[in-house]
Amino acid sequence: MKITLAKHTGFCFGVRKAIEKAYQTLKEHKRKKSVFMLGEIVHNEKVINELKKEGLELVSSLKEVPSHSILILKAHGTEKEIYEESQGKDIKLIDATCPMVKEIHRKALYLEKKGHKIVIFGDKNHAEIKALISYLKDFIVIEKKKELKDKELSGKIALLLQSTQSLEESLEILKILKKTNPQTLFINTICPDAQARQKEVIKLSKNNDKVIVVGSKKSANTRRLYKLSKKYNKNTYWLNRAESIKKNNFGKEDRIAIISGASTPKETVEKIIKRLKKLYSE
Ligand code: SF4
């Protein structure tokens, strides 16, 4: 078995920063105050469970956070209302929003101010998109090309993307928009890390017999890597833990590429490699 590990594995910069902030906050405050996270700060079960063990409490609404406590906001961004409401409750916010995500908010607000309707290509239910639209008034969110059929868009339009969006699919959306709105502005807000992983997974999927994409089923960027890889290589597997490897999925002669989503610890990838070596060298 030949295993090729992608250059881009383990945490991206934004996820690493958010996790570091959470541990730092716990270290400084947990003896004196309760520390909460509003939603999972990153999309990985292992990371979240370890933070919970250290004392970080997970809540799903601001109502569950008592006054005088500390609240860590997730890497994907948080709705505008949460910032406003927490002020009235005397809650100290630790903002772990990724700077790349904040940059998308800034660009969207700027373009809206300049009179553009903001067309967002992203997952309506993803935390990043929910946060982004909380700042906007004139926007639509589309998840699939076909949704554009029912939309009559006129005037100035700017297309912005979820930070982990697929560039290939985004360009298809742009093409459709340009048919009726040739002046559509395209703002590529896919984060450089996500783009690099996408490029790499395409290359790896073409040059290997099989591909393993490692990451949580909740992780949007892992899902996109999986979908992209599957497009070019049907022998693509999405795993979140070494124990999920099924022996009959792989063989001793396989050339296998491994890549991870941006919220996957390197340790998980290493365990998968170790198990593959153990299973196929015996
Ligand atoms: S994938 Fe990019 S935008 Fe998302 S958290 Fe990581 S660095 Fe930030």
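All heavy atoms count here, side chains included; hydrogens, waters and symmetry mates do not. None of the values given here were measured: they were computed from a predicted structure.
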| said: So does Ser60 get a backbone contact from the side chain of Glu64, meaning a donor-acceptor N/O pair under 3.5 Å? | reply: yes

| Does the side chain to side chain contact (heavy atoms under 4.5 Å, CB included) test come out yes or no for Thr184 and Phe186, once each step is laid out? | CA-CA 6 Å; Thr184 300; Phe186 176 54; 5.8 Å; no

| said: Taking Glu54's backbone N and O only, do any of them form a donor-acceptor pair with Lys30's side chain (distance below 3.5 Å, no angle check)? | reply: yes

| note | Rounded to the nearest 0.5 angstrom, the NZ-OH distance for Lys210 and Tyr237 is 5.0 Å

| Residues Glu270, Lys274: salt bridge by 4.0 Å N-O rule | no

| What about Val213 and Ile273, same hydrophobic cluster or not, with Ile/Leu/Val/Met/Phe/Trp/Tyr joined at side-chain heavy-atom distances under 4.5 Å? | no

| said: Can a donor-acceptor pair be found, under 3.5 Å and without considering hydrogens, that links the side chain of Asp138 to the backbone of Ile118? | reply: no

| query | Out of curiosity, Glu200 CD to Ser205 OG, how far, rounded to the nearest 0.5 Å? | reply | 11.0 Å

| request: Please step through side chain to side chain contact (heavy atoms under 4.5 Å, CB included) for the pair Leu148 and Leu177, ending with a clear verdict. | output: CA-CA 8 Å; Leu148 279 173; Leu177 283 171; 3.8 Å; yes

| Residues Lys124, Glu147: salt bridge by 4.0 Å N-O rule | yes

| message | I'd like to know whether Leu159 forms a side chain to side chain contact (heavy atoms under 4.5 Å, CB included) with Leu161, so could you lay out the CA-CA distance, the side-chain angles of the two residues, the decisive distance to 0.1 Å, and finally the verdict. | response | CA-CA 7 Å; Leu159 173 64; Leu161 316 170; 4.1 Å; yes

| task | Ignoring hydrogens and angles, tell me if any N or O in the side chain of Asp193 forms a donor-acceptor pair with the backbone of Cys12 under 3.5 Å. | result | no

| request: Give, for atom NZ of Lys130 and atom OG1 of Thr78, the distance between the pair rounded to the nearest 0.5 Å. | output: 11.5 Å

| field | Expected output: side-chain His116 to main-chain Leu111 donor-acceptor under 3.5 Å | value | yes

| query | Any donor and acceptor pair, going by atom type alone, linking the side chain of Glu128 with main-chain N or O of Ser163 inside 3.5 Å? | reply | yes

| request: Quick one: pull up OG in Ser229 and CD1 in Ile259 and give me the separation to the nearest 0.5 Å. | output: 8.5 Å

| Value rounded to 0.5 Å, distance of CG in Leu51 from CG in Leu26 | 6.5 Å

| said: Determine whether a donor-acceptor pair (N or O, by modelled atom type, separation under 3.5 Å) exists between the side chain of Lys52 and the backbone of Leu56. | reply: no

| said: In the structure I gave you, are the side-chain heavy atoms of Ile258 and Thr9 within less than 4.5 Å of one another anywhere? | reply: no

| said: Give me the atom names and distance for the closest heavy-atom approach of Phe121 to Gln165. | reply: O-NE2, 3.0 Å

| task | Sort out for me which residue in Glu45, Arg241, Arg223 forms a side-chain hydrogen bond (donor to acceptor under 3.5 Å, both in side chains) with Ser216. | result | Glu45

| Rounded distance [0.5 Å steps], CG in Leu228 versus CD1 in Ile202 | 4.5 Å

| query | Between Glu172 (side chain) and Lys145 (backbone), is there a donor-acceptor pair under 3.5 Å? | reply | no

| said: Evaluate Glu103 against Arg106 for salt bridge (charged side-chain N to carboxylate O under 4.0 Å, His left out), listing each step before the verdict. | reply: CA-CA 5 Å; Glu103 184 60 12; Arg106 198 191 60 73; 2.8 Å; yes

| For the side chain of Ser67 and the backbone of Lys89, is there at least one donor-acceptor N/O pair under 3.5 Å apart? | yes

| message | In terms of relative ring orientation, are Tyr135 and His105 parallel, tilted or perpendicular, with 30° and 60° separating the classes? | response | tilted

| said: Whether the side chain of Ser134 engages the backbone of Lys80 through a donor-acceptor N/O pair (distance < 3.5 Å, no angle test) should be reported. | reply: yes

| query | Between Arg224 and Asp123, is the closest basic N to carboxylate O distance under 4.0 Å? | reply | yes

